[in-house]
Amino acid sequence: MMETIQNQPMMDLEKLKTLGFNLAPQEQSNKWSDQKFVMAGPPKCGKTSFWASAGEKAWFIRCESGFNHVRTFGVDCRDYTDLDREVGKLLTANRAGVFPWESVIFDPGSKVMDYLGDRVITLGKEKFPNSEINEIGDIGKGTGWFWYKNMVKGFLSRLDPLPCAKVIILHVYTEEKNDTPKDKTKSYKREIISLSEKMGGPVREWADHILQVRAGFVGENMFARSLVTRGSKVIEAGSRSKKLLPVVSWGEDDAKNYQAFRSYFD
């Protein structure tokens with residue numbers, strides 16, 4: 001049988017340690033501060049008020065107007081310059097040891113992606129001043145999309161040092177799917193987060209939890225909600241936590257919903 005590392009002679013283990021190898025296992029973490037969430041759902045289903053239930057412990061990066069209906073703590077960001085500055089301030093607060101928040105929420109995340117895309121276009125115009133550049137796709141042969149993907153990855157990795165849960169709020173949209181294209185009777189609808197499969201890749205890989213709020217409506221009146229944490233053929237969701245239930249019922253009280261959800265984590 002193959003020997004494990006821990007069965008190696010003590011002298012060899014010490015040599016490995018002197019070379020800078022950390023031989024301790026990386027344990028699973030259920031700490032709230034280690035979690036990265038994407039929460040998606042239809043408009044006006046309570047995503048913002050859910051996270052705002054944490055009160056002063058939640059810091060919102062508000063990327064559009066429309067927050068008058070809920071009390072939040074945070075800052076407004078309307079372009080890439082605002083976003084870059086505010087993330088920098090969060091990192092500075094952490095380095096100074098004065099970071100008081102349990103969660104930082106980017107709402108809506110679609111605007112964050114727009115700001116990053118605008119930055120890519122700006123960089124493209126600077127690098128190719130003689131080119132007509134209005135969209136990311138106008139920058140070279142795939143160069144713009146390559147820059148954009150790296151821009152998104154860089155932004156997400158920049159958040160990693162923050163000692164809090166990181167949250168991106170998104171909408172959902174319905175796509176037509178057909179696993180057997182020749183048989184149109186077998187098509188079906190799938191609800192996915194409002195990022196394309198191609199460019200949403202970095203966000204999906206980054207998230208520990210993709211949560212989808214399901215809401216039932218009669219006209220404009222919402223009558224039932226649930227939080228889906230495990231995906232299926234017709235809904236995009238998923239979680240790396242084994243503690244979360246596949247479906248978490250939501251009542252009318254967002255504060256109670258939040259407290260119940262928060263209790264799943266240390």
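Model, not experiment: these values are computed from the prediction.
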Go through the steps for L90 and N94 under the test side-chain contact (heavy atoms from CB on, under 4.5 Å), then give the verdict. CA-CA 6 Å; L90 290 171; N94 180 38; over 6 Å; no
Measure the shortest side-chain to side-chain distance between [X] and [Y] over non-hydrogen atoms and say whether it is less than 4.5 angstrom.
| X | Y | answer |
| --- | --- | --- |
| V203 | L156 | yes |
| I61 | C63 | yes |
| D107 | R62 | no |
| I193 | R204 | yes |
| F99 | V104 | yes |
| W59 | I105 | no |
| T229 | V247 | no |
| V87 | L91 | yes |

Sequence neighbours left out, what passes side chain to side chain contact (heavy atoms under 4.5 Å, CB included) with [X]? Give chain and number order.
| X | answer |
| --- | --- |
| K256 | D253 |
| L245 | V248, Y264 |
| N30 | S241, K243, F265, D266 |
| S187 | E176, N178 |

Any side-chain donor-acceptor pair under 3.5 Å between D254 and S49?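 D254 vs S49: donor-acceptor pair found between side chains.
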Side chains of T122 and R119: is there a donor and an acceptor less than 3.5 Å apart?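 Their side chains do not contain a donor-acceptor pair, so the 3.5 Å distance test is not met.
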Look only at the side chain of [X] and the backbone of [Y], and say whether a donor-acceptor pair between them is shorter than 3.5 Å.
| X | Y | value |
| --- | --- | --- |
| D138 | E135 | yes |
| R190 | K177 | no |
| Q212 | E236 | yes |

Minimal non-hydrogen separation, [X] against [Y], with atom names:
| X | Y | value |
| --- | --- | --- |
| A207 | R240 | O-NH1, 2.9 Å |
| S157 | G154 | OG-O, 3.0 Å |
| S53 | Y258 | CB-CB, 3.8 Å |
| F261 | L211 | CZ-CD1, 3.6 Å |
| S239 | H209 | OG-ND1, 2.7 Å |
| I139 | I121 | CD1-CA, 4.1 Å |

Listed partners of [X] passing side-chain hydrogen bond (donor to acceptor under 3.5 Å, both in side chains), at least two apart:
| X | answer |
| --- | --- |
| D118 | none |
| N257 | none |
| E132 | N134 |

Is the distance from the ring center of [X] to that of [Y] below 6.0 Å?
| X | Y | answer |
| --- | --- | --- |
| F50 | W250 | yes |
| Y115 | F155 | no |
| F37 | W32 | yes |

Within a reach of under 6.0 Å around [atom1] of [X], are more than 12 heavy atoms found that belong to other residues, nucleotides or ligands?
| X | atom1 | result |
| --- | --- | --- |
| E64 | CD | yes |
| K57 | NZ | no |
| F146 | CZ | no |

Kindly determine whether E102 and R262 satisfy salt bridge (charged side-chain N to carboxylate O under 4.0 Å, His left out), including the steps that lead there. CA-CA 11 Å; E102 277 194 353; R262 178 68 179 81; 3.4 Å; yes
Give the cluster check for [X] versus [Y]: same hydrophobic cluster or not, with ILVMFWY residues linked at side-chain heavy-atom distances below 4.5 Å.
| X | Y | answer |
| --- | --- | --- |
| L123 | W145 | yes |
| W206 | I210 | yes |
| W101 | M39 | no |
| Y148 | F106 | yes |

Which value, rounded to the nearest 0.5 Å, describes the distance between [X] atom [atom1] and [Y] atom [atom2]?
| X | Y | atom1 | atom2 | answer |
| --- | --- | --- | --- | --- |
| R225 | L227 | CZ | CG | 10.0 Å |
| L116 | K111 | CG | NZ | 13.0 Å |
| L195 | I192 | CG | CD1 | 8.5 Å |

Sequence neighbours left out, cut at 3.5 Å: what donor-acceptor pairs do the side chains of residues 165-175 make with other protein atoms?
residue : atom : partner : partner atom : Å
K166    : NZ   : L162    : O            : 2.9
K166    : NZ   : C164    : O            : 2.9

Report the residues that fulfil salt bridge (Lys or Arg N to Asp or Glu O under 4.0 Å) with R214, sequence neighbours left out, ordered by chain and then residue number.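 Checked R214 against salt bridge (Lys or Arg N to Asp or Glu O under 4.0 Å); matches are E191.
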Other than [X], which residues form its hydrophobic cluster under the rule that side-chain heavy atoms must be closer than 4.5 Å?
| X | result |
| --- | --- |
| I235 | V228 |
| V98 | none |
| V234 | Y188 |

Using the side-chain contact (heavy atoms from CB on, under 4.5 Å) rule, take V152 and K149 through it: C-alpha gap first, then chi angles, then the decisive distance, then the call. CA-CA 5 Å; V152 174; K149 191 171 185 178; 5.9 Å; no
